[in-house]
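Read the structure below first, then the notes.
The basis for the numbers below is simple: all heavy atoms, side chains too, and nothing from hydrogens, waters or symmetry mates. Proteins come first, then strands; the chains are lettered A, B, ... in the order of their sequence lines, and each starts at number 1.
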Amino acid sequence: MSVRARFAPSPTGPVHIGNIRVAIFNWLYARHEGGRFLLRVEDTDRERSTPEALRVLLDALEWLGLDYDEPPLYQSTRIAAYQAAAKHLIRGGHAYRENKDGKGECVMFRMPGADIFYKDEIKGELHKRAEDLKDFLIVRSDGHAVFHLANVVDDIEMRVTLIMRGDDHVENTYRHVAMFRALGAEPPKYAHLPMIVNAQGKPYSKRDGDAFVGDFRDKGFLPQALFNYLTLLGWSPGDDREKLSREELINLFTLDRVKSGPAQVDLKKLLHLNGRYMAELPAETFVAGARRQLCACDWWRDVDDAYLRQVCALMQSRARIYPQVEEWKHFFFDAPDYEEKAVKKILGKGNDRALFGALKTRLESAAFTVEAVERALRAVETDLGLGHGHANQPVRVAVTGRSTGAGIAETLALLGKSRVLVRLDHALARLSG
RNA sequence: GCGCCCAUCGUCUAUCGGUCAGGACACCAGGUUUUCAUCCUGGUAAGCCGGGUUCGACUCCCGGUGGGCGCGCCA
């Protein structure tokens, strides 16, 4: 029988990276096995399920490339099936009506009274004694099915062959196994994934605002980096490889390599991985991403595409994440914002006045190619008796306002003659003031 | 409280009785780029504790400790 795995979130809020990791693992498993990856939306909690949350969920799946092979099953459309299943269980003696605490009549599932065993694909052989397995509610007194009933009925309907979910569901599994049998179905395989915890080593809570998938996208992380990183939490290929393409991951992913203890998220490692993915982005993709990010800067004003492309060519290898383009302001304005730290550290020592003056003279008559700028810089150093390369940093600060950036000759050549000259004047004015 | 699960550098992990316990992030030092980033080289850093079993235990067993999860007319 071919493999069918599912992701079954309830759209009651923003999608959490812990949840999306469950989706990724299911997707990987299904793809590895050549089976199907299914989506089921558990939207029976009408109080908390919202269309907005559903949209966020679907967006997150699409962003990460988690495509599903059949139309999603919405539990809100399955009310009749749950009621039928409950009736069926009652008829078969597996469930009974009860009026607990005078709240009205509800339906309880009758546990079989025997120990229950199942083999978890990740945690191994598990079992629970009959005396620890109490009857439990499956239909509320208002007639609505609870999670357990809906979950099992739908997993039967969807012909799911393996249920992979967070290990907070381990205890539920005994009940579900019993229900599968009572419903005349063979229980599927189960695999319970360890949780992931925040940087403090604690389970993610509502307060971890940055743990939502959408936040990672907003912060400029690449989906392939987040995808790759999340697979490394609680799983490894068994060798030293870490940066793995989607295809490699599909190929390598097996449940027997999933760890069973909780793993802590390390944003620094994610950022590092992101930088590696950024570096190998096609230039066009990087330009588009950078432009999107630049548009969000309060100082941004549109520039022509060719110029932006050149800035990107210079800066792509230096960017680990898109928001760093905010440091590119000096490429787009005539007067740089001088960074005080850089000025204090680099300018004003020695004869920067003479340096900038001499450089102006040289550059005024120079063609603004990288080579010509480089020659002018070296010539000025010689003229003033400076060591080779000693003009670079003062000039960088004078022209860009910062102490870091791309190659100095490349930067000047790109900025162009008029801007560079104006900025040297600014720097000279600063030195006088 | 009861039940279950887990336990290797700060973090993610490799190891399925015999390894100088390996890799990655982070950190430190050096090199390249006289900037920065990348990159390269090197370094600091780990088997929770206590008992067994064994010629030999990170690995198997037991106990302890620590952490996680579950015990809803939530999902």
**Note: A:R276-A:E280 ion pair, threshold 4.0 Å (strictly below)** = no
**Inter-nucleotide C1' distance (B:A75, B:C36), Å rounded** = 49 Å
**Prompt:** Can you find a donor-acceptor N/O pair under 3.5 angstrom joining the side chain of A:N172 to the base of B:A75?
**Reply:** yes
**Request:** Please list residues of residues 230-245 of chain A whose heavy atoms come under 4.0 Å from any atom in RNA chain B, ordered by number; otherwise none.
**Result:** A:L232, A:L233, A:G234, A:S236, A:G238, A:D240, A:E242
**Neighbours of RNA chain B within residues 391-410 of chain A, by heavy-atom distance under 4.0 Å** = A:Q393, A:R396, A:S403, A:T404, A:G405, A:A406, A:G407
**Asked** Any donor-acceptor pair under 3.5 Å joining the side chain of A:S260 to the base of B:C5?
**Response** no
N/O donor to acceptor pairs below 3.5 angstrom from side-chain atoms of residues 267-275 of chain A, sequence neighbours left out:
{"from": "A:K269", "atom 1": "NZ", "to": "A:E242", "atom 2": "OE1", "distance (Å)": "3.2"}
{"from": "A:K269", "atom 1": "NZ", "to": "A:E242", "atom 2": "OE2", "distance (Å)": "3.0"}
{"from": "A:N274", "atom 1": "OD1", "to": "A:L222", "atom 2": "N", "distance (Å)": "2.8"}
{"from": "A:N274", "atom 1": "ND2", "to": "A:R320", "atom 2": "O", "distance (Å)": "2.8"}

**Asked** Given A:F253, which of A:Y29, A:W27, A:F25 fulfils the ring pair (Phe, Tyr, Trp, His ring centres under 6.0 Å) condition?
**Response** A:F25
**Fill in**
Mate of B:G50 across any strand shown (Watson-Crick or G-U wobble, both atom pairs under 3.5 Å) is B:C62
**Request:** Please determine, for B:C27, whether a Watson-Crick or G-U wobble partner exists with both distances under 3.5 Å, and give it or none.
**Result:** B:G43
**Request:** Indicate the ring-plane relationship of A:Y190 and A:Y118, choosing parallel, tilted or perpendicular according to the 30° and 60° boundaries.
**Result:** perpendicular
**Asked** Taking only residues two or more places apart in sequence, or in another chain, which ones meet A:Q83 in a side chain to side chain donor-acceptor pair (under 3.5 Å)?
**Response** none
**Request:** Please list, by residue number, the residues of residues 118-138 of chain A whose heavy atoms come closer than 4.0 Å to an atom of RNA chain B; answer none if no residue qualifies.
**Result:** A:K123, A:L126, A:K128, A:L137
**Prompt:** Ion pair present between A:R55 and A:D59, side-chain N to carboxylate O less than 4.0 angstrom?
**Reply:** yes
Which pairs would a plain distance check flag for residues 104-116 of chain A, meaning a side-chain donor or acceptor within less than 3.5 Å of a matching protein atom at least two apart in sequence or in another chain?
{"from": "A:R110", "atom 1": "NE", "to": "A:G93", "atom 2": "O", "distance (Å)": "3.0"}
{"from": "A:D115", "atom 1": "OD1", "to": "A:A130", "atom 2": "N", "distance (Å)": "2.8"}

**Prompt:** Expressed in whole Å, how much space separates the P atoms belonging to B:C55 and B:G68?
**Reply:** 40 Å
**Request:** Pick base, sugar-phosphate or nothing for A:H144, based on heavy-atom distances below 4.0 Å to the nucleic acid.
**Result:** nothing
**Message:** Does the structure show a Watson-Crick or G-U wobble partner for B:C4, both distances under 3.5 Å? Name it, or say none.
**Reply:** B:G68
